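Here the structure is a predicted model, which is why all the values come from computation and not from measurement.
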Amino acid sequence: MTPDILSDLNERQREAVEAIDGPLLIVAGPGSGKTRLITARIAYLLNVVGVSPGRIAAVTFTNKAAREMRARVESIASYQAPRLSMGTFHAFCARALRQDGEAIGLDRNFGIYDDSDQLDVVKRGMGELEIDTKQFSPRAILSSISGAKSQLLTADGFRMRTASYFDEVVGRVYERYEILMARSDAVDFDDLLLKTYFLLSQRDAVADKYQDRFVHFMIDEFQDTNVAQYAIARLIAQKHRNLCVVGDPDQSIYSWRNADIRNILSFQNDFPDARIVALEQNYRSTQTILDAASRLISANSQRVEKELFTDNGEGVPIEMAEGYDEEEEAQFVLREVGSLTRATAGKSAQYRLGDIAVMYRVNAQSRALEESCLRYGVPYQVVGGMKFYQRQEVKDLAAYLKLITNPHDDVSLLRVVNLPRRGIGQRTLDELRRLARDSEISMFDAILNATPDASLGGPLVSGPFTARAARALGDFREIILNLQGEVESCNLVELIDKVMDRSGYRKHISESNDERADERLDNINEFKNAARDYLDLPTPEGLNAFMENVALVSDVDSMEDRPDFLTLITLHQAKGLEYPVVFMVGMEDGLLPHSRSLDDPASLEEERRLCYVGMTRAKERLYLVRAFRRGFRGGSGPNMPSRFLLDIPQELVSRPDATEPKPAERTPRVESPKRSRSTSMGSFPLASPEELRSEMRGGGFTFSRRSRPTTPAEFTSVRRSGRRASPPTRRRGARRPASEAVPAVATGDKVRHSTFGEGMVMSCEPSGSDFEVTVAFTDGGGVKRLLLGMAKLEKIE
DNA sequence: CGAGAATAGTTTTTT
DNA sequence: ACTATTCTCG
């Protein structure tokens, strides 16, 4: 048994597996076989040491990671795997609270609020406190509250350390927020952690139970845990002290979600006897990719030195390319994808689509890529995006279901109380809210109070409500009470159907004029399908379990690896994944690094880590692609190449052909969407690499640290060829107004300005009777937009 | 009360 | 550009 588990491991990994006594910190570089290691360690504990699976907890960052880990353990120690506690921190805590939360006054049927539910509560609290939502953004307040919770600060605690007027406001809202949440028997994501912490720190009996039970506690992606998460783990591990944390400071990319990289330091302080193992051998990438990534990350000042190495060969150089705009950028990617996946005379294709991922900073970037995929007939999957459980119809239906187990859930009630229309309008709801607030009860209780049961007879004397409003509220009350009565007598899927029918929601959708009505019904069927997994539980428990799953599992996790789909994915979501071929698009200042991080060195370093994460996903081929200009909120502006590109040594990058390529003369090889969609994978129209290179004149740019990355000639040619390479279809004419007048300068010209110094013209667009010229000034002046007639620009050279 | 129009804000990343 | 919220009118 032992040799089996240990034989595939290198010395360091083996050391980490066998170090089962006492605290352990594993610093695991990218591709260092971390998952394999954790799996092996669990298998070792089970099969060699003989630890019972019920006494091991392993928490991960995503559900997907947990599932994979469980599957891998299963392959080694099959029958034991189901009894392991494996999942995300949030799922782990939800379970603890469901089981023992009553000890701190939590209702057994508590519901879990997601982000948008939370925002509703914040807004409602602000409304009650008469705080102007225009003066204080509810989102900003929510984010402060969330930050406080992640640091284990309750409203009381927060208010004691109020430092600014804004904080004072936040404190008041937070206080109100807690009340509203309690009244709804609801917890949010942060509460799952916060309340678990309080459960363990304030209830000794409960703490004892967990401390006794979990002899081994492991945390994956430790660099992305927040203070609350670490505190929980520390508490649970207090007794046995077998806390094993695995992480890589260089891959910490969630500080905006309150992840606190200082946890690693805290760990070393709290457990001074901790053993530290560093995994530096990379099994994933080529030496070239690894070198480039290492150089990039070494530019960060806040880091622990780490020397990655690999036995993998040097591999091929990194490719860089620039398109004129995001459309052309996408086209470049798609053509390259085509040549990588196309079988040529006698030779089978180099890669399958599933081997390739396109990564980007923000979701919005997926659009141009999707359009290109459609045009080229390339099947693709966008990871994330609009999440299934966040779709309107799904949330509506879920709200009804939540009300069945927990009618005090005010957010859900407000969501569906007038859906479909029942004649319950703003006035009635305001009144209802006031009633609830005055008596400190949930809105459903307020409805019960205000609408006496019709069976009692007598006139509907209904307090503040008009007879009509009271009747409408009574209808709603009956729907919910009625459905509650059904829970015992039918299964979950039947229950969902009953909800759909009795609430009138099915009718509401099918009779709506919404062109997406069918799609919505499909989604609801999908939702019903998901519910089938819970049919073997009695309906009340099944419903609870299902709703909990809906709250805690995003469909990112349920993404399958489909071998014949191109993957489009954000850099954040790509963490933990690997692909033979990776395209990183949008390699521009303002996108990566994101514009919101430019003025803060710490967040700039996080952006660099994000870039590092992306690069290190690649096993064999890495493309760094950018667009010269990019559409943004309707408009469009030029972008400078990402400063991170400057950190990548030139010798690792593919050089453009020494012979100056001829300007692209061909007509663009783009088929109409209709035709290419029906074209089979093997034969869709793609340029050969040579053609690509000549078309994408930016291909192979390398930058030196001293000069700004582009020369005028390069930019001009890119622009020209860019225009020509663009598909003739769907030209958004308004974006490129043709003007009769001819400006005195052109893109690529070098110019001198009296105050800004020398620079290069990046674009020149008609603006009224003048031209708006965008100039990138070399001497740190940055990019400026100037009116040609006003700014005295002197053309040089 | 509800429907449609006007307007404001948004978008970094997600358990 | 796109959506969500607020405003205005029937």
Exercise. Between Tyr254(A) and dT14(B), do the rings stack, that is, sit under 5.5 Å apart with planes less than 30° off each other?
Worked result: no
Problem set entry | Salt-bridge contact Asp224(A)-Arg257(A) (side-chain N to carboxylate O under 4.0 Å) | no
Exercise. Quick one: is dT13(B) close enough that its OP1 or OP2 comes under 4.0 Å of any side-chain N or O from Gln573(A)?
Worked result: no
Problem set entry | Closest to side chain of Arg139(A), choosing from dG2(B), dT15(B), dT11(B) | dT11(B)
Exercise. Under 3.5 Å, is there a donor-acceptor pair between the Asp120(A) and Tyr113(A) side chains?
Worked result: no
Exercise. Taking for each residue the nucleotide of DNA chain B bearing the nearest heavy atom, is the 5' side occupied by His90(A) or by Leu429(A)?
Worked result: Leu429(A)
Exercise. Does Arg367(A) make a side-chain N or O approach to OP1 or OP2 of dA1(C) shorter than 4.0 Å?
Worked result: no
For this session: For Phe189(A) and dT15(B), say yes or no: do the ring centres fall under 5.5 Å of each other while the ring planes differ by less than 30°?
Result: yes
Problem set entry | Smallest separation among heavy atoms of Ala472(A) and Ile424(A), with atom names | CB-CG1, 3.6 Å
Exercise. Would the number of heavy atoms belonging to other residues, nucleotides or ligands and lying under 6.0 Å from CZ of Arg434(A) be above 12?
Worked result: yes
For this session: Using a heavy-atom cut-off of under 4.0 Å over every strand shown, decide if Arg468(A) touches base, sugar-phosphate, or nothing.
Result: sugar-phosphate
Problem set entry | Centroid-centroid under 6.0 Å between Tyr210(A) and Phe217(A) rings | no
For this session: Respond yes when some side-chain nitrogen or oxygen of Thr62(A) is under 4.0 Å from OP1 or OP2 of dT14(B), and no when none is.
Result: no
For this session: May I ask you to decide whether Lys134(A) forms a salt bridge with Asp132(A), counting only side-chain N to carboxylate O separations under 4.0 Å?
Result: no
Exercise. Does dT14(B) have OP1 or OP2 sitting under 4.0 Å from an N or O in the side chain of Asn258(A)?
Worked result: no
Seminar exercise, completed: Among dA3(B), dT13(B), dC1(B), the one nearest any side-chain atom of Arg421(A) is dA3(B)
Exercise. Is a salt bridge present between Glu128(A) and Arg124(A), judged by a nitrogen-to-oxygen distance below 4.0 Å?
Worked result: yes
Problem set entry | Under-4.0 Å side-chain N/O to phosphate OP1/OP2 contact, Asn363(A) with dT11(B) | no
For nucleotides 3-10 of chain C, which of its nitrogen or oxygen atoms have a protein nitrogen or oxygen under 3.5 Å away, and what is each distance?
residue: dT5(C); atom: OP1; partner: Lys123(A); partner atom: NZ; Å: 3.1

Exercise. Within the structure shown, what part of the strands sits under 4.0 Å from Ser137(A) by heavy-atom distance: base, sugar-phosphate, or nothing?
Worked result: nothing
Exercise. Hey, does the side-chain of Arg257(A) have a donor or acceptor N/O within less than 3.5 Å of a partner on the base of dT15(B)?
Worked result: yes
Exercise. Touch check for Phe61(A), heavy atoms < 4.0 angstrom, all strands: base, sugar-phosphate only, or nothing?
Worked result: sugar-phosphate
